[in-house]
Amino acid sequence: MAEALQQGEALPEATHEDMANAIRALAMDAVQKADSGHPGMPMGMADVATVLFTRFLKFDAAHPEWPDRDRFVLSAGHGSMLLYALLFLTGVPDMTLDELKRFRQLGSRTPGHPEYGHAPGIETTTGPLGQGLGNAVGMALAERLLNARYGDEIVDHHTYVIAGDGCLMEGISQEAISLAGHLKLGRLIVLFDDNQISIDGPTSLSVSDDQLERFRASGWHTAKVDGHDPEAVALAIQNAKAVTDRPSLIACRTIIGYGAPAKQGTAATHGSPLGEEEIKGARERLGWRHARFEVPKPILASWRATGARNAAAYERWQTTVKRLDSATRKHLTNPVDPEVRGKIAADVNALKSDFSRDASKLATRQSSQKVLEKLVPVVPGLIGGSADLTGSNSTLTKLHTIVKANDFSGNYVHYGVREHGMAAAMNGLALHGGIVPYGGTFLVFSDYCRPSIRLSALMGKRVIYVMTHDSIGLGEDGPTHQPVEQLAALRAMPNLNVFRPADSVECAECWQIALGTEATPSILALTRQGLPVLRTAHTDENLSGKGAYVLLEPKGRRDVTLIATGSEVSVAVAAAKALQKEEIEAAVVSMPCWELFASQDQGYQDAVLGRAPRVGVEAAIDFGWQKWLGPQGIFIGMRGFGASAPAEELYKHFGITAAAVETAAREVNSKSKK
Ligand SMILES: Cc1ncc(C[n+]2csc(CCOP(=O)(O)OP(=O)(O)O)c2C)c(N)n1
């Protein structure tokens, strides 16, 4: 048991070694108690982390949400006990010794890998290797963007990352490193746990990169140190901080499982408990004579002093920030406050009214651009971008200026052809706070972003993915570029709103929802091809907000319900009109967001879907559609990959036409009468 500290008690200062060993002991003990986990990395990086926290990291354990704190990202998330031990030792509220004892147990704040939101000080969810590094690039970018807006007195901090061999082997690391180097993110400092071990054994089994050369080639400052020499580590961090025009990599040569007598330096320490014998030996070797989970008073006191080291700086910052007017101050942490929400609603309604009167066809990607033209000045911290498809995604407006390495006053990022890096960076931008990121690519390349989209969803962050060219409707680029299974795959992901607006009016509504939804990321699946306006009668109500609604209701009975999304809603409307001539009364349900519709009460769902037999229309595969169509329903859509041809021909070729919908409607209608 850690002994309770009395306030003001004078205790001798603990040595660096003692403080680092406290991390090692807690990691060994917690992993052993849980009977699973990764002791090797926390034991190996304990020295580096101790130097970083005791001498450099600007944070205040009593106020872990301080917006101007340095960010610490544990990209090598399997080493979660390193982070949990640091948070406990420095005195972050909620991270108690009991939580360490409940490592990896249900409902604890200490799950197997660090999960954002489980305790303050966990800056991001890590575990999928490389993602933390990608997030950190976004955080470091956020810092510069907000610094350009708020000034040095309000925003002036560093982003530190611990990344392992695994993080650097992952492809995403290349995108992240390259983007950070290009943007010259000088306040990003990566501490590479250069222990030359991964799960299968020595890294020489699978990699021979010269990591320093690799980072240097992307414009980074690099250094190499003995990760068990605290002075060398401190000097390297100090030097890295002095290099302000480039991000820094410090390769810290460490011994995985440092202190474990038989296992240190081997993959055996990576992901399994060390075992009682080995732990006993490690305690002896490290000179740690204390019981399990015991941190002696002087050592804990030194750690707590580290946690309180910046208390005065925090107070000073609080005084400074009070000088800002209240709206600007609020936007630093909450860019879409109620006032901004009100402005968005007013602008969206004005736009919807304009759109509803416009007879010309417009692709939803273009409608989206028009929405952005209105909202860019309204939403503080709205940062756009695209992975080199700016013109195609229509993500840039006349009101944007470009973010550049030496000028962060802009609000649009050319992410380059780095979809995965963009998505991970957008997570970092959102996690940092003060920023609402959106970024574009083709919907088919959502697959390239998917691991990061999953983390936006898991963490519950407002990241807006503008994914255009959302079906065979993109035409001639062919099946490599035509998404068919992506909508279903994205809809399978929990806590992700997948929007597929049918026209400009719905597009404006979907943007409004995406911007107003703080704890859920959004996909806006938008067309390349022009679409007619279907919502010709203006209403202030955001009909897309319920996920689906009746767009066209027959006057009398309903013989059939046609359910469609996006570009196929107009196909359904055409079919409904044709069916009426045959006295088949068809309702059309537009369903821009399955997830929001599924969250409505049963009464609303029943009212919208009705009792008549159903036909679904979407230029994608049918996976998931049964939920809405029932066993008797018919789906009109794709059965396999697309083809290269003009869009209109493709719709005919694949049988996604009003005529096909009419035939299906006749069939379900006559079956229901039998
Ligand atoms: C994307 C991804 N792939 C695979 C894994 C499984 N995994 C966890 S740790 C690890 C090895 C990491 O090696 P290294 O970064 O050197 O960590 P160390 O052995 O030094 O702790 C692997 C393959 C993962 N967590 N994420």
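Heads up: numbering here begins at 1 and tracks the sequence. Order of listing sets the numbers, starting from 1, for every ligand and every atom in it.
Between Y160 and H158, the two ring planes are parallel [angle under 30°; tilted spans 30° to 60°]. Ring orientation note: the planes of W303 and F53 are nearly perpendicular, at an angle over 60° on the 30°/60° scale.
Taking a cutoff of 4.0 Å between a charged side-chain nitrogen and a carboxylate oxygen, R253 and D194 qualify as a salt bridge.
Side-chain contact, D70 with H157: no donor N or O sits under 3.5 Å from an acceptor N or O. Side-chain atoms of T110 and R102 include no donor-acceptor pair closer than 3.5 Å. Looking only at atom types and distance, the side chain of S452 has a donor-acceptor partner in the side chain of Q131 under 3.5 Å away.
Scanning the protein for heavy atoms near atom 13 (O) of ligand 1, the closest one is S198 CB, 3.3 Å. Of the protein's non-hydrogen atoms, the one nearest atom 3 (N) of ligand 1 is E170 OE2, 3.5 Å. Of the protein's heavy atoms, H270 ND1, 2.7 Å lies nearest to atom 19 (O) of ligand 1. In this structure, the protein non-hydrogen atom closest to atom 16 (O) of ligand 1 is I197 O, 2.6 Å. Of the protein's non-hydrogen atoms, the one nearest atom 7 (N) of ligand 1 is I199 CD1, 3.7 Å. Nearest non-hydrogen protein atom to atom 20 (O) of ligand 1 is N195 ND2, 2.6 Å.
Residue D165 has at least one heavy-atom neighbour below 4.0 Å for each of these atoms of ligand 1: 14 (P), 15 (O), 16 (O). Residue-ligand proximity, M41 to ligand 1, at heavy-atom distances under 4.0 Å covers atoms 21 (O). Counting atoms of ligand 1 from 1 in the listed order, those under 4.0 Å from a heavy atom of H78 are 9 (S), 17 (O), 18 (P), 21 (O). Close approach to G164 involves these atoms of ligand 1, each under 4.0 Å from a residue heavy atom: 15 (O). Proximity to I256 (heavy-atom distance under 4.0 Å) selects the following atoms of ligand 1: 18 (P), 19 (O), 20 (O), 21 (O).
Contact between A22 and I299 at its shortest, heavy atoms only, is CB-CG2, 4.0 Å.
Separating the OG1 atom in T517 from the CZ atom in R462 is a distance of 8.0 Å, to the nearest 0.5 Å.
Close N/O approach between G127 and ligand 1 is found [any backbone or side-chain N/O within under 3.5 Å]. Here's the thing with G166: one of its N/O atoms is less than 3.5 angstrom from an N/O atom of ligand 1. Remark: ligand 1 and L129 share an N or O pair separated by less than 3.5 Å (distance only, no angle test).
For the pair Q196/P202, no side-chain contact is recorded, criterion being any heavy-atom separation below 4.5 Å from C-beta on.
Screening R216, R214, Q211, R246 for a side chain to side chain donor-acceptor pair (under 3.5 Å) involving T222 leaves a single residue, R216.
At least one heavy atom of P128 sits under 4.0 Å from some atom of ligand 1.
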